[in-house]
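Just so you know, these numbers use all the heavy atoms, side chains as well, and skip hydrogens, waters and symmetry mates.
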Amino acid sequence: MQITDNFSYDELQCPCCEQLEIDYRFIKSLQEVRDEIGRPMKINSGFRCAEHNLKVGGPITSNHLKGRAVDICTRGWCSEDLHYLVYELTSKQHPDYQTGIGIYKHHIHFDFRKSNDSLWVNL
């Protein structure tokens, strides 16, 4: 089942239990990033239930638990360039949320958070 033009329930759901919670403002922003890139994006991690989040070492306050975070990559874009685009398109977009971006070697983490904008690097 499609949630947006390019993202489906299957790719965003928790891999261990198939649960899915979605913040629709976040998914709309993710789709806007996809539209700007103009090519498929792989969701490495979308929604996580508490058990799966613990298993993968996510913090207990992870926005993956709230349907407001994804780990993504796309062919032809390095993590450093992808993070610039995501931040440019999403920061200051929603007054209730700030943007969080983690840069990893082969993907970026992107989330909406209640605290200040955040950027971290883990290469």
Side-chain angles (χ1 to χ4, degrees):
M1 176 172 83
Q2 288 298 117
I3 297 171
T4 68
D5 289 345
N6 297 104
F7 298 107
S8 70
Y9 187 99
D10 290 343
E11 66 188 322
L12 292 166
Q13 70 187 5
C14 182
C16 78
C17 64
E18 300 181 354
Q19 289 181 359
L20 178 61
E21 291 181 29
I22 299 172
D23 182 307
Y24 285 97
R25 291 172 288 194
F26 176 75
I27 296 302
K28 182 177 181 260
S29 290
L30 182 63
Q31 180 63 49
E32 290 169 2
V33 170
R34 166 59 175 83
D35 292 343
E36 184 70 23
I37 290 173
R39 64 178 62 201
M41 291 177 13
K42 181 179 181 197
I43 307 289
N44 298 330
S45 183
F47 176 76
R48 297 178 191 158
C49 71
E51 183 177 320
H52 184 70
N53 190 60
L54 182 64
K55 182 179 176 182
V56 299
I60 60 171
T61 58
S62 172
N63 282 301
H64 284 278
L65 297 163
K66 301 169 188 141
R68 295 193 305 248
V70 290
D71 296 340
I72 56 175
C73 62
T74 190
R75 289 185 186 193
W77 285 74
C78 68
S79 296
E80 292 87 357
D81 292 342
L82 185 57
H83 107 272
Y84 283 116
L85 175 68
V86 170
Y87 186 77
E88 187 68 30
L89 289 175
T90 64
S91 66
K92 312 296 184 250
Q93 196 174 53
H94 298 285
D96 297 340
Y97 294 118
Q98 304 299 315
T99 299
I101 298 180
I103 304 169
Y104 296 84
K105 186 173 183 176
H106 298 292
H107 74 278
I108 68 165
H109 168 94
F110 162 48
D111 70 43
F112 276 0
R113 54 188 52 217
K114 296 286 185 175
S115 57
N116 295 332
D117 286 352
S118 183
L119 173 66
W120 65 95
V121 178
N122 189 356
L123 296 173

For atom [atom1] of [X], decide whether the heavy atoms of other residues, nucleotides or ligands shown that lie under 6.0 angstrom number more than 12.
X	atom1	answer
Y84	OH	no
R39	CZ	yes
Q2	CD	yes

* Are any side-chain N or O atoms of T74 and backbone N or O atoms of P40, one a donor and one an acceptor, separated by less than 3.5 Å? ->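 Checking the backbone N and O of P40 against the side chain of T74, a donor-acceptor pair under 3.5 Å is found.
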* **Intermediate values then yes/no, side chain to side chain contact (heavy atoms under 4.5 Å, CB included), I103 and L119** => CA-CA 8 Å; I103 304 169; L119 173 66; 3.8 Å; yes
Quick one: closest heavy-atom pair of [X] and [Y], and the distance?
X	Y	result
L65	F47	O-CE1, 3.2 Å
V33	V86	CG1-CG2, 3.8 Å
G100	R113	CA-NE, 3.5 Å
W77	L85	CH2-CD2, 3.8 Å
L82	C73	CD2-CA, 4.2 Å
E11	M41	OE1-O, 4.5 Å

First locate atom [atom1] of [X], then atom [atom2] of [Y], and finally report the distance between them rounded to the nearest 0.5 Å.
X	Y	atom1	atom2	result
I3	S8	CD1	OG	6.5 Å
T4	L30	OG1	CG	7.0 Å
F7	I43	CZ	CD1	4.5 Å
L89	T99	CG	OG1	10.0 Å
H107	S79	NE2	OG	7.5 Å
M1	L12	CE	CG	10.5 Å

* Asked: Is there any salt bridge (charged side-chain N to carboxylate O under 4.0 Å, His left out) pair reaching into residues 56-70, and which pairs are they, with sequence neighbours excluded?
  -> none
* For residues 80-90, pull every pair meeting salt bridge (charged side-chain N to carboxylate O under 4.0 Å, His left out), keeping only residues two or more places apart or in separate chains. => none
* In the hydrophobic clustering that connects Ile, Leu, Val, Met, Phe, Trp and Tyr at side-chain heavy-atom distances below 4.5 Å, which members other than Y104 occupy its cluster, ordered by chain and number? ->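 Other cluster members: W120.
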* Between S45 and H64, is a side chain to side chain contact (heavy atoms under 4.5 Å, CB included) present by the stated rule, with each step listed? -> CA-CA 8 Å; S45 183; H64 284 278; 3.7 Å; yes
* To do: Please report the C-alpha distance between Q31 and N6 in whole Å, then the side-chain angles of each, then the deciding distance to 0.1 Å, and finally whether the side chain to side chain donor-acceptor pair (under 3.5 Å) criterion is met.
  => CA-CA 7 Å; Q31 180 63 49; N6 297 104; 2.6 Å; yes
In residues 52-60, what donor-acceptor pairs under 3.5 Å come from side-chain atoms, sequence neighbours left out?
residue: N53; atom: OD1; partner: R48; partner atom: NH1; Å: 2.9
residue: N53; atom: ND2; partner: G58; partner atom: O; Å: 3.3
residue: N53; atom: ND2; partner: P59; partner atom: O; Å: 2.8

Please report, to 0.1 Å, the donor-acceptor pairs under 3.5 Å made by any side chain of residues 20-29, with sequence neighbours excluded.
residue: D23; atom: OD1; partner: R25; partner atom: N; Å: 3.0
residue: D23; atom: OD1; partner: F26; partner atom: N; Å: 3.2
residue: D23; atom: OD2; partner: Y97; partner atom: OH; Å: 2.8
residue: R25; atom: NH1; partner: D96; partner atom: OD2; Å: 3.3
residue: R25; atom: NH2; partner: Y97; partner atom: OH; Å: 3.1
residue: K28; atom: NZ; partner: E32; partner atom: OE2; Å: 3.2
residue: S29; atom: OG; partner: R25; partner atom: O; Å: 3.3
residue: S29; atom: OG; partner: Q93; partner atom: OE1; Å: 2.4
residue: S29; atom: OG; partner: H94; partner atom: NE2; Å: 3.4

* Excluding sequence neighbours, so at least two apart, what forms side-chain contact (heavy atoms from CB on, under 4.5 Å) with E18? -> Q13
